[in-house]
> 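Once you've had a glance at the structure underneath, I'll fire off some questions.
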Amino acid sequence: MIKDQILQTLQASLKSQSGKLNLEGANGNVPRLNIERPRQADHGDYAVNVSPLAKVARMAPPQIAAIVAEGFAQAGWTPNIIGGFLNFSVGEPQLIDALTRIAMQDKPGRNESMKDIRCLLEFVSANPTGPLHIGHGRWVALGDSLGRIFRHCDAQVTHEFYINDAGSQMFNIANSIWYRALEILGTGAKFPTPEEGKPFPFYPGDYVIEMAQEFIQTHREALFQWDNPAHVAPKEAIEAISDYAKESMLAQQRQLMETCRLTFDVWYSEKSLHAAGRVVDVIEKLKARGVTYEKDGALWFASTQFGDDQDRVLVKSDGSYTYLTADIAYHEDKYARNDGFYNLLINIWGADHHGYIPRMKAAMAALGHNPDQLEIVLGQLVNLLIEGERTRMGKRKKMLTLQELVDEVGVDALRFWMVSKSQDTTLDFNVDLAASASDENPVFYVQYAHARCASIVRNAFQPRFDTVDKKELPPLLTEAQWDSFLGSLTPDAMATLFASLENDPAKAALRELILKMDGFEDRVEEAARLRSPHIIARYTQDLAADFHRFYNVCRILVADPQTTMMRLVIIYALKRVFGQALDLLGVSAPDKM
RNA sequence: GCCUCAGUAGCUCAGUUGGAUAGAGCAACCGCCUUCUAAGCGGUGGGUCACAGGUUCGAAUCCUGUCUGGGGUACCA
């Protein structure tokens, strides 16, 4: 990247000028300087602000700038100094060099910033007790994009879905199906009705009725046998129904994830932890480490010793385990998996689980693991905006499922929308807008840019029609010409590119395009480092704007084949960058729109 | 009460460790299609960066306090 060249020269300059700048006395407390893009385009392409050195150097920023600039002069750069800023204008040879690299490199934006990372990325993880809702859509988009970005930074990433198939919620769904089934079979049993102020351990959704109907088809006789005067489900009925419910919901969830272009490498069952005795084991381990105690008939984990604000129950007074206990066993397994293969464990959780973080970290610390290895990426929740009204997730009957939303707006719009904003902010999902006015969705703007590029490349090889002479003309280029041109693409061959541009707006737009494409790698790194895919979404919109601007001031397909080919390299490079960036977001890059 | 996320243009949001005149999309208004996709481009209007102090040569950004909104604060999962 061009930026790296400037950075290297900057470091060399600071080193050679360190005497004049009094940097030696600072004992390594020299503030780090950054290369940035100036706000004002006429200042230059890149800038370094040396003001942070003012304190150490005990000099005014303009004076420092002059001294640092001397070091640059030695390397052939002549920065334009304004105040404490060194402004750099990138020369055409460097731009052409950068463009060539982007056009030729295997995968644009690819880097090795996370090459030592082996990440277990867990997200979505839901109960198999009902359909996934819109809120899950955010974790789908966020988690999968993050994984793709990490991989682009050369990390090894495993996508994992934790199936919460144990515990009381499974009993509740089974019991709900039981009553629905008995209702349908006309046994006289009735599905319970909620009472004000009382817990309602049943699932009222219509999908439960459908599941009951389906279950009846295979278990009609069994249901009659299980039924009894009190209509209380026997244990074997609950087991059979909850197994069925799990398989059925899980199949549905897997199908939906596939639709969303998301592949989980591992589907990890909570129930399997219990079955393998892992939950009992972890309790024994905690006991052995002396971090548990008994109180009020329950077994407690002294998590306050590890920074939590209160102790937590592991085994309830009725002898059953809390959710936390199984979750501790699960997370311990992550540390141990493949002989401690993973060095970064990331969980994506909704903000409603925020308070859960300290206890999980406490548990890992208590078990002797490094809690910093476990990183929770917290996402704020999604609000539904229906008919202009804010609807809190899950508190209304009119809850939109993720499947319904995908059917309505499509995977591309869903995924782009869900990652186009920082996960730190509550997302208002405007259902009416997403469903109706699709051109207000920025994803189409970006996809259109890709399609336009594809179209230009396509047209270059197709016969044209002369509207004046009313006759067909041969294609501007042949595939063979283009292949050999790309194959021998060198900065020298490209040197006439800028010269071929007739006007200044086109040159300015081209500079901007190349610099922005050159910066893609930087954005990918940043998105990975900050765990913020929205940076990529932003980037695609920025680049699309620059491309559309360029498109309007510079014609690509012109009569001269050489000029056409050189300009086509830009479009070719852009198409690759758009395609790659959209892929990192899990959004399709259509060739036609 | 405590913990946490947020408050930036009419709306939805960017703004990387504090730096140059605070940006984008949408909405509004005015222009641009006989040649590569007008799902596009150019232009105009629109700001007390919630508020008040503080630190600093310099604050949307850091600190303190206040206000507003979301989430959490279980022997639920």
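Numbered from 1 within each chain, the chains take letters A, B, ... in sequence-line order.
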> From C-beta outward on A/T426, which listed nucleotide comes closest to its side chain: B/U37, B/G70, B/U4?
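Closest nucleotide among those given: B/G70.
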> Counting just side-chain N and O atoms, does A/R538 come under 4.0 Å of either OP1 or OP2 of B/C13?
no
> Taking the side chain of A/F85 as its heavy atoms from C-beta onward, which of B/U16, B/G19, B/A14 lies nearest to it?
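Selected nucleotide: B/G19.
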> If you check every side-chain atom of A/Q380, which of B/U37, B/C5, B/G15 has the closest atom?
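When the side chain of A/Q380 is considered, B/C5 is the closest of B/U37, B/C5, B/G15.
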> Checking base pairs now: Watson-Crick or wobble, both atom distances under 3.5 Å. What partners B/C13?
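Across all strands, the one nucleotide that pairs with B/C13 is B/G23.
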> Using atom C1' of each nucleotide, how far apart are B/C57 and B/G40 to the nearest Å?
46 Å
> Given the rule in the salt bridge (charged side-chain N to carboxylate O under 4.0 Å, His left out) test, do A/R278 and A/D333 qualify, once you have shown the distances and angles that lead to the verdict?
CA-CA 9 Å; A/R278 305 291 296 276; A/D333 178 74; 3.0 Å; yes
> List every contact pair, protein side and nucleotides 73-77 of chain B side both N or O, where the distance is under 3.5 Å.
unit_1: B/C75; atom_1: O2; unit_2: A/S317; atom_2: N; d: 2.7
unit_1: B/C75; atom_1: O2; unit_2: A/S317; atom_2: OG; d: 3.1
unit_1: B/C75; atom_1: N3; unit_2: A/S317; atom_2: OG; d: 3.3
unit_1: B/C75; atom_1: N4; unit_2: A/D296; atom_2: O; d: 3.2
unit_1: B/C76; atom_1: OP2; unit_2: A/K316; atom_2: NZ; d: 2.7
unit_1: B/A77; atom_1: OP1; unit_2: A/K316; atom_2: NZ; d: 3.2
unit_1: B/A77; atom_1: OP2; unit_2: A/Y323; atom_2: N; d: 3.2
unit_1: B/A77; atom_1: O2'; unit_2: A/N127; atom_2: OD1; d: 3.2
unit_1: B/A77; atom_1: O2'; unit_2: A/N127; atom_2: ND2; d: 3.4
unit_1: B/A77; atom_1: N1; unit_2: A/H353; atom_2: NE2; d: 3.3

> May I ask which nucleotide in the shown strands pairs with B/G1, Watson-Crick or G-U wobble, both distances under 3.5 Å?
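Base-paired to B/U73.
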> For the C1' atoms, the ones on B/A6 and on B/A60, what distance do you get once it is rounded to whole angstrom?
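Per the computed distance, 14 Å lies between those C1' atoms.
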> What integer distance in Å separates A/R549:CZ from B/A39:C1'?
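Taking CZ of A/R549 and C1' of B/A39, I get 17 Å after rounding.
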> How would you label the contact of A/P199 with the nucleic acid (heavy atoms, under 4.0 Å): base, sugar-phosphate, or nothing?
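No contact.
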> What's A/R555 touching, base or sugar-phosphate or nothing? Going by heavy atoms closer than 4.0 Å.
base
> According to a cutoff of under 5.5 Å between the ring centres and under 30° between the ring planes, does A/H43 stack with the base of B/A20?
yes
> List the steps, then state whether salt bridge (charged side-chain N to carboxylate O under 4.0 Å, His left out) holds for A/R531 with A/E375.
CA-CA 11 Å; A/R531 284 80 166 114; A/E375 188 182 309; 2.5 Å; yes
> Kindly indicate whether the side chain of A/W349, heavy atoms from C-beta on, has any atom under 4.5 Å from the side chain of A/I357.
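Of all side-chain heavy-atom pairs linking A/I357 with A/W349, at least one is under 4.5 Å.
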> Do the side-chain N or O atoms of A/R452 get closer than 4.0 angstrom to the phosphate oxygens (OP1, OP2) of B/A38?
yes
> Please report, rounded to the nearest Å, how far the C1' atom of B/C41 is from the OH atom of A/Y448.
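Value for this atom pair: 10 Å.
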> For nucleotides B/C49 and B/U21, find the distance between their C1' atoms and express it as a whole number of Å.
15 Å
> Could you tell me whether the side chains of A/N347 and A/Y162 share a donor-acceptor contact shorter than 3.5 Å?
no
> Could you check how far NZ of A/K421 sits from C1' of B/C5, rounded to whole Å?
16 Å
> What is the nucleic acid contact for A/N172, judged by heavy atoms within less than 4.0 Å: base, sugar-phosphate only, or nothing?
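The residue A/N172 makes no contact with any strand.
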> Can you tell me if the side-chain N/O atoms of A/Y445 get under 4.0 Å from OP1 or OP2 in B/C41?
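Answer is yes, contact under 4.0 Å.
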> Between the base of B/G25 and the side chain of A/Q541, is there a donor and acceptor pair under 3.5 angstrom?
no
> Rounded to whole Å, how long is the line connecting atom OH of A/Y539 with atom P of B/U16?
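So the OH-P distance, A/Y539 to B/U16, works out to 18 Å.
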> In whole angstrom, give the distance that lies between atom CH2 of A/W417 and atom P of B/U12.
11 Å
> Say you pick atom C1' in B/U55 and the same atom in B/G19; how far apart are they, in whole Å?
16 Å
> Quick one: label A/H534 by what it contacts on the DNA or RNA (base, sugar-phosphate, nothing), any heavy atom closer than 4.0 Å.
sugar-phosphate
> Output the rounded distance in Å from CZ (A/F547) to P (B/U37).
10 Å
> For B/A6, give the paired nucleotide (Watson-Crick: N1-N3 plus N6-O4 or O6-N4; G-U: N1-O2 and O6-N3; both under 3.5 Å), or none.
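Check on B/A6: paired to B/U68, both distances under 3.5 Å.
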> Can you see if the side chain of A/N459 gets near the phosphate of B/U37 - specifically, an N or O under 4.0 Å from OP1 or OP2?
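For B/U37, OP1 or OP2 has a side-chain N or O of A/N459 closer than 4.0 Å.
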> Is B/C57 in the syn or the anti form, by the rule that syn lies within 90° of 0?
anti
> Measuring only the C1' atom in each nucleotide, how far is B/U35 from B/C13? A whole number of Å is fine.
39 Å
> Mind running salt bridge (charged side-chain N to carboxylate O under 4.0 Å, His left out) on A/K3 and A/D518 for me, showing each step along the way?
CA-CA 9 Å; A/K3 190 179 149 183; A/D518 190 54; over 6 Å; no
> Is A/R452 close enough and on-axis enough to A/Y551, meaning under 6.0 Å and within 45°, for cation-pi?
yes
> Just by distance, with hydrogens left out, do A/Y323 and A/N164 show a side-chain donor and acceptor under 3.5 Å apart?
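A pair is found: one side chain offers a donor N or O, the other an acceptor, under 3.5 Å apart.
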> Could you walk me through whether A/E525 and A/R529 pass the salt bridge (charged side-chain N to carboxylate O under 4.0 Å, His left out) test, one step at a time?
CA-CA 6 Å; A/E525 266 187 46; A/R529 183 164 42 85; 5.9 Å; no
> Side chains of A/N49 and A/E36: donor-acceptor distance under 3.5 Å anywhere?
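Checked: A/N49/A/E36 side chains show no N/O donor-acceptor pair below 3.5 Å.
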> Select from A/L33 and A/L427 the residue whose nearest nucleotide in RNA chain B is closer to the 5' end of that strand.
A/L427
> With heavy atoms under 4.0 Å as the rule, sort A/T425 into base, sugar-phosphate or nothing.
sugar-phosphate
> For nucleotides B/A24 and B/U66, find the distance between their P atoms and express it as a whole number of Å.
36 Å
> Taking only the C1' atom of each, what is the distance from B/G45 to B/A9 in whole angstrom?
11 Å
> Should the pair A/F485 and A/W482 be assigned to parallel (<30°), tilted (30 to 60°) or perpendicular (>60°) ring geometry?
parallel
> Parallel, tilted or perpendicular: which fits the ring planes of A/Y293 and A/W300, with parallel below 30° and perpendicular above 60°?
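Ring orientation of A/Y293 relative to A/W300: parallel.
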> Whole-Å distance between B/C13 C1' and A/D428 CG?
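Whole-Å distance recorded here is 11 Å.
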> Base, sugar-phosphate alone, or nothing: which one does A/A54 contact when heavy atoms must sit under 4.0 Å apart?
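Nothing, no nucleic acid heavy atom in range.
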> With C1' as the reference atom in both, quote the distance from B/A20 to B/A59 in angstrom, rounded to an integer.
14 Å
> For B/G40, give the paired nucleotide (Watson-Crick: N1-N3 plus N6-O4 or O6-N4; G-U: N1-O2 and O6-N3; both under 3.5 Å), or none.
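Base partner found: B/C32.
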> Rounded to the Å, how far apart are A/Y551 OH and B/A38 C1'?
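So the two atoms are 9 Å apart, to the nearest Å.
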> Using a cut-off of strictly less than 4.0 Å, decide whether A/S455 has a side-chain nitrogen or oxygen near OP1 or OP2 of B/U37.
yes
